[in-house]
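Since the structure comes first, as structure tokens, the remarks are kept for the end.
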Amino acid sequence: WQVQKNAVTVEEVLEASLEKVVGNPVKCTGAGRTDAGVHAWGQVVNFRSQSSIPPERWGAALRPHLPDSITVRESRQVPEDFHARFSAKAKTYVYQFYCGRVMSPFYHRYACHVSYPVDRPAMAEAAAYFEGVHDFRGFCAAGTPGDNYVREIFHCGLLPDKEDGLLAVEVCGSGFLWNMVRIIAGTLLEVGAGKRRPAEIPVLLGMGDRRQSGVTLPPQGLFLMEVKYPELGQENRGFSEKIFRIK
């Protein structure tokens with residue numbers, strides 16, 4: 001998402017498209033700074049503009065100026081004090097695996113390949129231990145800013161299989177640390193592979209040692225699916241079921 005000196009980013013492209021539409025620079029604020037390779041179905045962005053374009057028409061105005069890899073799904077007016085990042089009360093991420101001896105070429109950019117059988121019930125049992133309020137210092141990348149590692153996870157579990165070969169972990173929480181979901185998914189995968197027992201998860205959370213938890217899985221399997229703002233009166237739109245799938 002975030003503007004970089006050495007790469008093209010979503011924020012950069014979106015702001016350039018906004019400038020083409022309104023004729024002056026526009027600064028965007030995103031709900032989260034997704035890493036390179038991570039996908040966002042439910043990224044939320046806010047900006048200010050004096051344009052006469054109706055709030056609900058910004059998508060139609062911007063899409064002709066955006067590449068195929070970026071789109072605006074909907075737009076609306078928000079309160080003056082709304083902030084895409086600080087007003088968020090919950091975020092939902094999904095990490096997707098493709099399970100099979102041979103990786104599907106259609107999913108290589110949208111899933112982590114798992115070439116061996118996994119114990120899904122064990123993964124589901126382990127996932128439930130992440131729910132609640134915990135110190136996640138053992139499940140974040142080195143150099144994570146700040147000194148507060150406590151986050152609340154409202155839900156962590158496996159999504160029902162929608163297609164042969166696909167396995168997905170859904171995590172919804174109050175907020176997330178750097179690489180937190182990718183490390184949670186990596187730890188659950190180790191449980192599925194029989195390298196760990198589900199009951200080890202509370203022990204790992206209590207240890208707070210990054211060296212003891214699972215691997216950081218690659219970014220292409222991760223999706224930011226939804227960001228919740230109760231003051232906007234959002235309805236549950238089932239974003240968690242809309243994992244990328246080839247039709």
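Just so you know, these numbers use all the heavy atoms, side chains as well, and skip hydrogens, waters and symmetry mates.
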On a heavy-atom basis, which atom in [X] and which in [Y] lie closest, and how many Å separate them?
X    : Y    : answer
S213 : G138 : OG-O, 2.5 Å
R196 : L204 : NH1-CD1, 3.6 Å
G214 : T187 : N-OG1, 2.9 Å
Y110 : F106 : CD1-O, 4.1 Å
L166 : R120 : O-NH1, 3.9 Å
V21  : A61  : CG2-O, 3.6 Å

- [ ] For K195, look at atom NZ and say whether over 12 heavy atoms of other residues, nucleotides or ligands are found less than 6.0 Å away.
- [x]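 No, the 6.0 Å shell around NZ holds no more than 12 heavy atoms from other groups.
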Open item on the list: For the CZ atom on R63, are there more than 12 heavy atoms of other groups (residues, nucleotides or ligands in this structure) within a distance under 6.0 Å?
Closed with: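 Enclosed: over 12 neighbouring heavy atoms sit under 6.0 Å from CZ of R63.
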Backbone N/O of [Y] and side chain of [X]: donor-acceptor pair under 3.5 Å:
X    : Y    : result
Q43  : A31  : yes
S17  : L62  : no
R151 : N148 : yes
T29  : A84  : no
E15  : C28  : yes
R48  : E80  : yes
E131 : C156 : yes

Are any non-hydrogen side-chain atoms of [X] and [Y] less than 4.5 angstrom apart?
X    : Y    : value
D135 : L205 : no
W58  : I53  : yes
L158 : L167 : yes
N179 : T144 : no
M180 : Y93  : no

Task: L222 side, atom CG; T34 side, atom OG1 - distance, nearest 0.5 Å - done: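 Those atoms lie 8.5 Å apart.
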Task: Euclidean distance, N46 CG relative to S87 OG, rounded to 0.5 Å - done: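 The distance works out to 8.0 Å.
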Open item on the list: Between the side chains of R76 and E74, is the shortest nitrogen-to-carboxylate-oxygen separation below 4.0 Å, so that they form an ion pair?
Closed with: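 Judged by the 4.0 Å cut-off on N to carboxylate O distance, E74 and R76 do not form a salt bridge.
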TODO: Using a strict 4.0 Å threshold on nitrogen-to-oxygen distance, state whether E11 and K27 make a salt bridge.
DONE: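 K27 and E11: salt-bridged.
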- [ ] Check whether the side chains of T216 and R210 place a donor and an acceptor atom closer than 3.5 Å, and report yes or no.
- [x]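 Result is yes, a qualifying pair exists.
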Open item on the list: With a 4.5 Å cut-off on side-chain heavy-atom distances among I, L, V, M, F, W and Y, is there a chain of contacts connecting W178 to V3?
Closed with: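 No, W178 and V3 fall in different hydrophobic clusters.
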- [ ] Please work out which of the three classes, parallel, tilted or perpendicular, describes the rings of Y98 and H113, given edges at 30° and 60°.
- [x]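 Rings of H113 and Y98: tilted, 30 to 60°.
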- [ ] Check the angle between the aromatic planes of H39 and F223 and answer parallel, tilted or perpendicular using the 30° and 60° thresholds.
- [x]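 Tilted.
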Open item on the list: Going by ring-ring contact (aromatic ring centres under 6.0 Å, His included), name the pairs with one or both residues in residues 69-90, residues two or more places apart or in two chains.
Closed with: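 Qualifying pairs: F82-Y229, H83-F86.
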Task: Set of residues satisfying ring pair (Phe, Tyr, Trp, His ring centres under 6.0 Å) with respect to W1, sequence neighbours excluded - done: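 Ring pair (Phe, Tyr, Trp, His ring centres under 6.0 Å) list for W1, sorted by chain: empty.
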